[in-house]
Amino acid sequence: MTLATQVKHAAFDALKHLFTEVSFDYAHITVNQTKPEFNGNYTVVLFPFVKQLRMKPDELGKKLGEYLLEKNSLFSAFEIVSGFLNLTVKDEWCTSYLLNHFTEISFGRQCKADCRVMVEYSSPNTNKPLHFGHMRNIFLGAAMSDILKANGKQVIKANLINDRGIHICKSMIAWMWYADGATPQSTGTKGDHFVGDYYVRFNDAYKEEVKGLIAAGRDEKSAERDAPIMMAAQDLLRKWEAGDQQVRDLWAKMNGWVYEGFDVSYKRLGVSFDKVYYESDTYLLGKKIVEDGLRKGVLFKKDDGSVWIDLTDDGLDQKLLLRGDGTSVYITQDLGTAVLKHGDYNLNQSVYVIADEQNYHIQVLKLILKKLGEPCAEGIYHLSYGMVELPTGRMKSREGTVVDADDMMAEMVNLAKEQTEAAGKTDGFSGAELDKLYETIGMGALKFYLLRVDPKKKMIFDPKESIDLHGFTATFIQYAHARICSILRKENLALVPDATAFQSLPTGVELSPLEKEMILNTEQYPAILADAADSYNPSLLCNYSFQLAQQFNSFYDVHSISKAESEDKKQLRLMIVIHTAAILRHAMGLLGIRLPEKM
RNA sequence: GGUCCGGUAGCUCAGCUGGAUAGAGCACCAGCCUUCUAAGCUGGGGGUCAUUGGUUCGAAUCCAAUCCGGAUCACCA
């Protein structure tokens, strides 16, 4: 039980015992952390009960405070300030908590049965390389997977690759017409960029053709429809669907190039998947579900043979599920894939990391599955995140305004290198160690930057301003960690020392305000971790870790550890920083951010 | 037009299941390195929490209306 909960219980218990004739609602008890300008650690708000008890707040506070001090071993003092009961937690409680926990390196809930959850993320198209927006998706998905794991879930990380459709045919036709047999190998180009270049090439050629047709007197619509390169791409798609071997071979070859490129990016991003689904395998799924739905009368057929569901009673629209010619649409295959996933892993929960532009789509998907009586419907959760935009608006691949993921990673690592060198902090590292350090700092900064904002909110990234390595950043947390490691090195202690080294600590040692704050702050980590999982919000770990590192820096500035006033104090402070470092490593580790021991 | 999301310091964001004088970071100003890493610490200026009304002991937080911005409402994916 968290300390805050214990305080709440204690207050509830005190109210019940002091006023036996009145019944209280536990939910009305508000316990907050005491504001720094007042004495105390936790505060009980008295106002909710003054009316019920016909008592002045201060009078009630005095009664409660005295009762708690006498009957409850948690508190050493209380103070009443205008309707707030500020309670001071005993130093003994804090030191004893620290003694019991400081060697922990694993935090979170134990795994329970029946908690298999799939997290689908990344889910790229195979016609272009990954960009900044994908990175937000990927970091969110990877972080959420690890956060859920740390909270007792069995997680299956899945990637659903959109490897078929008109977009890849566009790259294919451009390659056929313009490449003259060039390959990633022959040009020394990363495979996904190579294919992406032909996608751009397609769009350039297409634009030219449309312009030409319009100049020749065609209207815009028909020009867009009849441009030769577009017609050729659509022809390719038809051949692909018919199973034309030559087309399939080229398609497989070009997708192969893309996957080679993606693998390189994924590796550097530090993410992986347990299961990869390909839309070329799943795009025909869902039809059977639709037929069942027709039989059950949940769906209906229009005169042209198209199949629909009426969601107007739920405040939505009618939605097409099958075209008149019997072919499926996007949502049809999503229905099929949802059922497939559920069957593959007997899932209790299925998380979709998808941008908020698809909020409506997922809402409809879930609703349809529910109406069809599919058991997977209930477990669907849309981890909806805001798009990453440039100061000029949305990124447009066709206008070349996308911030490329590979470029961005290289830039960040380079920035880390520049700043490390500028600060003159390269002494004592080998060349390979430095490269690793730059990677740790650069990638850490990038991940933190994209994860520190509430996923729901859209974010604006200005490529002209490099991502900062000061302030609310991973670098700040890494630096605090490196400082702690430096102290431990000096004391010849391991990062996770044996508890026996510290058994001499008497619990009676008096705590300074900063020492106490640090301990009380670390006590909150498990609750924050649980909250991050329950609210699907990794940014909570960023906020918490930054605040903890910040507090450590103040602590570090005021209190010497190796030259502490007494041996007891030294032992105590060592325990505090060991525990702090372990929490920072754990929290950042869940976000895929490494903390160096030296920087 | 319907639905949904957002609007907090110059900028980027916390706080939103109601609680004390609304907090961080960046930027700006002033201090702090013979002492465990100054990628740090301390202090300062900077706010009509979009607007108006309501609920109440108490509202950035809840409700209503309005204004502004975005997403979505395809036989696209």
Side-chain angles (χ1 to χ4, degrees), chain A residues 27 30 32 34-35 37-38 43-48 50-51 57 81-84 86 125 162 164-167 279 283 302 304-308 314-325 327-331 333-334 355-361 363-364 384 386-387 389 391 393-394 416 419-420 422-423 425 441 445 449 452-454 456-462 465 468-480 482-491 539-540 542-543 546-547 549-550 552-564 570 573-574 577 598-599:
Chain A
T30 309
N32 306 324
T34 305
K35 301 244 172 208
E37 56 265 38
F38 302 105
T43 294
V44 180
V45 184
L46 301 168
F47 296 110
V50 298
K51 198 190 260 176
V81 183
S82 59
F84 297 89
N86 300 328
N125 289 0
N162 186 358
R164 63 162 288 280
I166 190 68
H167 58 83
E279 284 197 9
Y283 82 108
K302 288 194 178 173
D304 63 356
S306 58
V307 180
W308 297 73
D314 300 276
L316 306 174
D317 307 298
Q318 290 194 348
K319 187 84 185 167
L320 176 89
L321 297 184
L322 227 45
R323 295 189 183 100
D325 61 7
T327 56
S328 50
V329 290
Y330 186 54
I331 198 149
Q333 54 177 296
D334 272 353
D356 62 6
E357 60 182 354
Q358 295 200 40
N359 283 354
Y360 180 77
H361 177 77
Q363 192 189 353
V364 168
S384 164
M387 311 275 278
E389 293 180 12
R394 286 175 74 158
Q419 298 210 6
T420 305
K425 299 206 170 208
I441 295 172
Y449 182 84
R452 68 183 193 180
V453 183
D454 187 330
K456 291 201 296 292
K457 297 202 173 180
K458 76 166 183 208
M459 51 189 298
I460 294 165
F461 173 67
D462 189 345
E465 294 170 15
D468 212 328
L469 301 183
H470 301 270
F472 186 30
T473 63
T475 316
F476 184 97
I477 294 163
Q478 288 168 330
Y479 187 65
R483 279 175 143 182
I484 292 174
C485 293
S486 174
I487 294 165
L488 298 181
R489 267 196 304 279
K490 199 175 168 186
E491 297 298 326
S539 77
L540 299 181
C542 293
N543 291 327
F546 173 68
Q547 168 270 124
Q550 206 175 28
F552 162 75
N553 278 329
S554 301
F555 172 89
Y556 176 89
D557 198 60
V558 175
H559 296 310
S560 175
I561 290 159
S562 51
K563 292 181 187 157
K570 182 169 170 177
R573 287 175 194 167
L574 281 169
V577 300
K598 261 196 326 190
M599 65 187 282

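Throughout, a chain's letter reflects where its sequence line sits, starting with A, and its residues are numbered from 1.
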Participant: Sort out the partner of B:G1 for me: Watson-Crick or G-U wobble, both distances under 3.5 Å, none otherwise.
Facilitator: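 Checking every strand shown, B:G1 finds its partner in B:C73, with both distances under 3.5 Å.
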Participant: Side chain of A:Ser486 only, please: which of B:C75, B:U37, B:A71 is the nearest?
Facilitator: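 The closest nucleotide is B:U37.
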Participant: Can you find a donor-acceptor N/O pair under 3.5 angstrom joining the side chain of A:Lys425 to the base of B:U37?
Facilitator: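 In this structure, the two groups form a donor-acceptor pair.
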Participant: Provide the Watson-Crick or G-U wobble partner of B:U56, both distances under 3.5 Å; none if there is no partner.
Facilitator: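 Checking every strand shown, B:U56 finds no partner, since no pair has both distances under 3.5 Å.
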Participant: NZ/A:Lys570 to NZ/A:Lys563 distance, rounded to the nearest 0.5 angstrom?
Facilitator: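 Output value for this atom pair is 10.5 Å.
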Participant: Check the chi torsion on B:C16 and let me know: syn if it falls within 90° of 0, anti if not.
Facilitator: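 Anti for B:C16; the angle lies over 90° from 0.
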Participant: With a cut-off of less than 4.0 Å, is there a side-chain N or O of A:Gln550 near OP1 or OP2 of B:G25?
Facilitator: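 Checking A:Gln550 against B:G25: at least one side-chain N or O falls below 4.0 Å of OP1 or OP2.
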Participant: Test your reading of the model: is there a side-chain donor-acceptor pair from A:Thr473 to the backbone of A:Phe476, 3.5 Å cut-off?
Facilitator: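 Yes: the side chain of A:Thr473 pairs with the backbone of A:Phe476.
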Participant: Check every strand shown and say whether A:Arg394 touches a base, only sugar-phosphate, or nothing at a heavy-atom separation below 4.0 Å.
Facilitator: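 Contact class for A:Arg394: sugar-phosphate only.
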Participant: What does the list of N/O pairs under 3.5 Å between the protein and nucleotides 15-21 of chain B look like, with a distance for each?
Facilitator:
| residue | atom | partner | partner atom | Å |
| --- | --- | --- | --- | --- |
| B:A20 | OP2 | A:Lys35 | NZ | 3.4 |
| B:A20 | N6 | A:Thr43 | OG1 | 2.7 |
| B:A20 | N6 | A:Asn86 | OD1 | 2.9 |
| B:A20 | N1 | A:Asn86 | OD1 | 3.2 |
| B:A20 | N1 | A:Asn86 | ND2 | 3.3 |

Participant: Is A:Glu357 salt-bridged to A:Arg394, going by a charged N under 4.0 Å from an acidic O?
Facilitator: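 Counted as a salt bridge, because a side-chain N and a carboxylate O are separated by less than 4.0 Å.
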Participant: Rounded to whole Å, how long is the line connecting atom CG of A:Leu320 with atom C1' of B:A77?
Facilitator: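 Result: 14 Å.
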Participant: How is A:Asn359 classified with respect to the nucleic acid when contacts are heavy atoms under 4.0 Å: base, sugar-phosphate, or nothing?
Facilitator: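 Counting heavy atoms under 4.0 Å across all strands, no contact is made by A:Asn359.
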Participant: State whether A:Arg323 places a side-chain N or O below 4.0 Å from either non-bridging phosphate oxygen (OP1 or OP2) of B:A74.
Facilitator: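 Answer no for this pair, as no side-chain N or O of A:Arg323 is under 4.0 Å from OP1 or OP2.
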Participant: Distance-only, no hydrogens or angles: does the A:Asp325 side chain make a donor-acceptor pair with backbone N or O of A:Thr327 under 3.5 Å?
Facilitator: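 Between the backbone of A:Thr327 and the side chain of A:Asp325 there is a qualifying donor-acceptor contact (under 3.5 Å).
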Participant: Pick base, sugar-phosphate or nothing for A:Thr473, based on heavy-atom distances below 4.0 Å to the nucleic acid.
Facilitator: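 No contact.
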Participant: Do A:Ile487 and A:Tyr556 touch side chain to side chain, with heavy atoms closer than 4.5 Å?
Facilitator: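 The answer is yes, as the side chains (C-beta and beyond) meet within the 4.5 Å cut-off.
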Participant: Starting at CZ of A:Phe552 and ending at C1' of B:U37, how long is that distance when rounded to a whole Å?
Facilitator: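 Atom CZ in A:Phe552 sits about 10 Å away from atom C1' in B:U37.
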Participant: If you measure from the C1' atom in B:C63 to the same atom in B:C16, how many Å do you get, rounded?
Facilitator: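 That atom pair is separated by 15 Å.
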Participant: Quote, to the nearest angstrom, the C1' distance that separates B:G44 from B:G6.
Facilitator: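 These two C1' atoms come out 33 Å apart once rounded.
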Participant: What is the pairing partner of B:C11, taking Watson-Crick or G-U wobble pairs with both distances under 3.5 Å in any strand?
Facilitator: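 Base partner found: B:G25.
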Participant: I want to confirm an ordering. Mapping A:Tyr479 and A:Leu316 to their closest nucleotides on RNA chain B, which one lands closer to the 5' end?
Facilitator: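 Going by which nucleotide is closer to the 5' end, it is A:Leu316.
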Participant: If the P atom of B:C75 is compared with that of B:A59, how far apart are they to the nearest Å?
Facilitator: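 Result for the P pair: 49 Å, nearest Å.
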Participant: Parallel, tilted or perpendicular: which fits the ring planes of A:Phe552 and A:Phe555, with parallel below 30° and perpendicular above 60°?
Facilitator: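 Ring orientation of A:Phe552 relative to A:Phe555: tilted.
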Participant: Mind checking if A:Phe546 touches a base, just sugar-phosphate, or nothing, with heavy atoms under 4.0 Å?
Facilitator: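 The answer is sugar-phosphate, as A:Phe546 gets under 4.0 Å only of primed atoms, P, OP1 or OP2.
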Participant: Within the distance-only criterion (no hydrogens, no angle test), does the side chain of A:Arg573 pair as donor or acceptor with the backbone N or O of A:Ser560 below 3.5 angstrom?
Facilitator: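 Yes, because the side chain of A:Arg573 sits within donor-acceptor range (under 3.5 Å) of the backbone of A:Ser560.
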Participant: Please report the distance, rounded to the nearest Å, between CE in A:Met459 and C1' in B:G6.
Facilitator: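 In whole Å, B:G6 C1' and A:Met459 CE are 15 Å from each other.
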Participant: Answer with base, sugar-phosphate or nothing: what part of the nucleic acid does A:Glu389 contact at a heavy-atom distance below 4.0 Å?
Facilitator: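 No contact.
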Participant: Expressed in whole Å, how much space separates the C1' atoms belonging to B:G45 and B:G31?
Facilitator: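 About 15 Å, rounded to a whole number of Å.
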Participant: Tell me, do A:Asp557 and A:Asn553 make a side-chain contact under 4.5 Å, heavy atoms counted?
Facilitator: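 No - every pair of side-chain heavy atoms lies 4.5 Å or more apart.
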Participant: Roughly, in whole Å, what's the span from CD in A:Gln358 to C1' in B:C4?
Facilitator: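 In whole Å, B:C4 C1' lies 15 Å from A:Gln358 CD.
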Participant: For the P atoms, the ones on B:U48 and on B:A60, what distance do you get once it is rounded to whole angstrom?
Facilitator: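 My reading of the P atoms in B:U48 and B:A60 gives 14 Å.
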Participant: Please report, rounded to the nearest Å, how far the C1' atom of B:A39 is from the CG atom of A:Asn553.
Facilitator: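 Value for this atom pair: 10 Å.
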Participant: Distance check needed: B:A77 P versus A:His361 NE2, whole Å only.
Facilitator: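 One finds 10 Å between P of B:A77 and NE2 of A:His361, rounded.
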Participant: Between A:Arg452 and A:Phe546, is NZ or CZ placed under 6.0 angstrom from the six-membered ring centre and within 45° of the ring axis?
Facilitator: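 No; the conditions do not both hold, so A:Arg452 does not lie above the ring face of A:Phe546.
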Participant: Assign each of A:Leu469 and A:Trp308 to its nearest nucleotide of RNA chain B by heavy atoms, then name whichever residue's nucleotide is nearer the 5' end.
Facilitator: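 The residue closer to the strand's 5' end, by nearest nucleotide, is A:Leu469.
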Participant: Once you round it to whole Å, what is the distance between P of B:U35 and NZ of A:Lys563?
Facilitator: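 In whole Å, B:U35 P and A:Lys563 NZ are 9 Å from each other.
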Participant: Could you tell me whether the phosphate oxygens of B:G40, OP1 or OP2, come under 4.0 Å of any side-chain nitrogen or oxygen in A:His470?
Facilitator: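 Answer yes for this pair, as a side-chain N or O of A:His470 is under 4.0 Å from OP1 or OP2.
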Participant: Measuring only the C1' atom in each nucleotide, how far is B:C36 from B:C41? A whole number of Å is fine.
Facilitator: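 15 Å, rounded to whole Å.
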Participant: Quote, to the nearest angstrom, the P distance that separates B:U17 from B:G54.
Facilitator: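 B:U17 and B:G54 have their P atoms separated by 23 Å.
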Participant: Could you walk me through whether A:Asp454 and A:Lys456 satisfy the salt bridge (charged side-chain N to carboxylate O under 4.0 Å, His left out) test, starting with their C-alpha distance in whole Å, then the side-chain angles of each, then the deciding distance to 0.1 Å, before giving a yes or no?
Facilitator: CA-CA 5 Å; A:Asp454 187 330; A:Lys456 291 201 296 292; 3.3 Å; yes
Participant: Please name the nucleotide paired to B:U51 by Watson-Crick or G-U wobble geometry with both distances under 3.5 Å, or report none.
Facilitator: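 Pair assignment: B:U51 / B:A65.
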Participant: Mind calculating the distance between CZ (A:Arg164) and P (B:C76) to the nearest angstrom?
Facilitator: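 Those two atoms, CZ and P, are 12 Å apart.
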Participant: Looking only at atom C1', what distance separates B:C68 and B:A22, rounded to whole Å?
Facilitator: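 Each nucleotide's C1' atom is 23 Å from the other's.
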